[in-house]
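Okay, structure first, notes after.
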Amino acid sequence: MKILVINGSPKGENSDTIKVTKAFLQGMGETAEIINTSRINVKPCLGCLACWQKSRGVCVQKDDMAAMLEKFKAADLIIWSTPLYFFSLPSNCKAFIDRLLPLETLAMYVDENGRTGHISKFELKTKHILISGCGFPDRAGNFDGLIFMFQRAFGNIPMILCREAPLLGDVPRRKMVDMYLSMATKAGAEYKATGAISAETQAVLDAPMMPPDRYRQGANEEAGVLR
């Protein structure tokens, strides 16, 4: 299986989210090519639509994205590994997604939900998974925009949305972190075997690692705001 990891964290290999992704890959028993979007030269989309109207799927900008598109098209599975930044994506990762435009065409269709979309230029059978971490103890009201974006773009894909992700780098809480990462490894094994994550494993991965009140208290104490 050809797996491509799109690491959207500006921290690169030091990302908290990539720890969950690597645990998932360990469970799959697979290796992957990792693209760090903060380390490549991908400029923001110009919105000129030349890739649709003039150059037949070729962007007018000369940067690294042409090579990235070839990797994207060749992958069997793409794991989007990105932290939550301001309820969405880090800007470098969002630019990468925007530059996927040459894979589609100007022609439109209406899906089964009555929503209009653009017809793809290629019949890609690539599968997608989203793994994201945020610094809040709450899922609702934080991941909503990210969930909508990825479901709208790639369908009802598996997602691991890790709350309290900064704990993943907290050495004193190693036992708690190891338990969470072991569940991410289990999720990878389940996905490899069945193409899905079991409801039981998903429930653990969706839950906060620490009670939210304790997590908020610790964050406030670290910030010097005792409540």
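When a residue number appears, it is its place in the shown sequence, counting from 1. Hydrogens, waters and symmetry mates are skipped; everything else that's a heavy atom, side chains included, is used.
Using a 4.0 Å cut-off between a side-chain N of Lys or Arg and a carboxylate O of Asp or Glu, Lys175 and Asp178 do not qualify as a salt bridge.
Not one N or O on the side chain of Asn220 forms a donor-acceptor pair closer than 3.5 Å with the backbone of Gly218. Side-chain atoms of Ser132 come within 3.5 Å of backbone N or O of Thr82 as a donor-acceptor pair. Using modelled atom types, one side-chain atom of Tyr215 and one backbone atom of Gly135 make a donor-acceptor pair closer than 3.5 Å. In this structure a side-chain-to-backbone donor-acceptor pair under 3.5 Å is present from Asp111 to Asn113.
Put simply, the side chain of Ile18 reaches to within 4.5 Å of the side chain of Val5, judged on heavy atoms. Residues Val20 and Leu181 are in side-chain contact: their nearest non-hydrogen atoms beyond the backbone lie under 4.5 Å apart. Under the 4.5 Å side-chain criterion, counting only non-hydrogen atoms from C-beta, Ser9 is not in contact with Thr17. Contact of the Pro137 side chain with the Arg163 side chain is not registered, since no non-hydrogen atoms from C-beta on lie closer than 4.5 Å. At least one side-chain heavy atom of Phe96 sits under 4.5 Å from a side-chain heavy atom of Trp80. Gln53 is not listed as a side-chain neighbour of Cys48, based on a closest heavy-atom distance of 4.5 Å or more. Looking only at side-chain heavy atoms (C-beta outward), Ile157 and Ile129 stay at 4.5 Å or farther from each other. With a 4.5 Å cut-off on side-chain heavy atoms, Gln151 and Asn156 count as touching.
Contact detail for Ala75 and Thr126: the closest heavy-atom pair is O-OG1, 3.0 Å. Here the shortest heavy-atom pairing between Ile197 and Phe24 reads CD1-CE1, 4.2 Å. Closest approach of Cys134 to Pro166, counting heavy atoms only: O-CD, 3.7 Å. When all heavy atoms of Ile119 and Met108 are compared, the closest pair comes out as CD1-O, 3.8 Å. Smallest separation of non-hydrogen atoms from Ser88 and Met149: OG-CE, 3.7 Å. A pairwise comparison of heavy atoms in Pro158 and Tyr191 identifies CG-CE1, 3.9 Å as the closest pair.
Side-chain heavy-atom separations under 4.5 angstrom define the hydrophobic clusters, and the remaining members of the one that includes Leu46 are Val60.
Leu89 is connected to Phe143 through a chain of hydrophobic side-chain contacts under 4.5 Å among Ile, Leu, Val, Met, Phe, Trp and Tyr, so both are in one cluster.
In summary, of the residues considered (Thr201, Leu130, Leu205), a side-chain contact (heavy atoms from CB on, under 4.5 Å) with Ile160 occurs for Leu205 alone. The one candidate from Thr37, Asn7, Asn36 that meets the side chain to side chain donor-acceptor pair (under 3.5 Å) condition with Asn92 is Thr37. Each of Leu4, Ile78, Ile6 was checked for a side-chain contact (heavy atoms from CB on, under 4.5 Å) with Lys71, and the lone residue meeting it is Leu4.
The side chain to side chain donor-acceptor pair (under 3.5 Å) analysis of residues 20-31, with sequence neighbours excluded, yields the pairs Glu13-Lys22, Thr21-Ser81, Glu30-Lys192. Sorted by first and then second residue, the side chain to side chain donor-acceptor pair (under 3.5 Å) pairs with a member in residues 93-105 read Asp63-Arg99, Lys94-Asp98; sequence neighbours excluded.
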Between Asn41 and Asp64, is the side chain to side chain donor-acceptor pair (under 3.5 Å) condition met? List the steps.
CA-CA 5 Å; Asn41 178 25; Asp64 293 336; 5.1 Å; no

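Heavy-atom neighbours of Phe72 CZ from other residues, nucleotides or ligands within 6.0 Å: above the threshold of 12.
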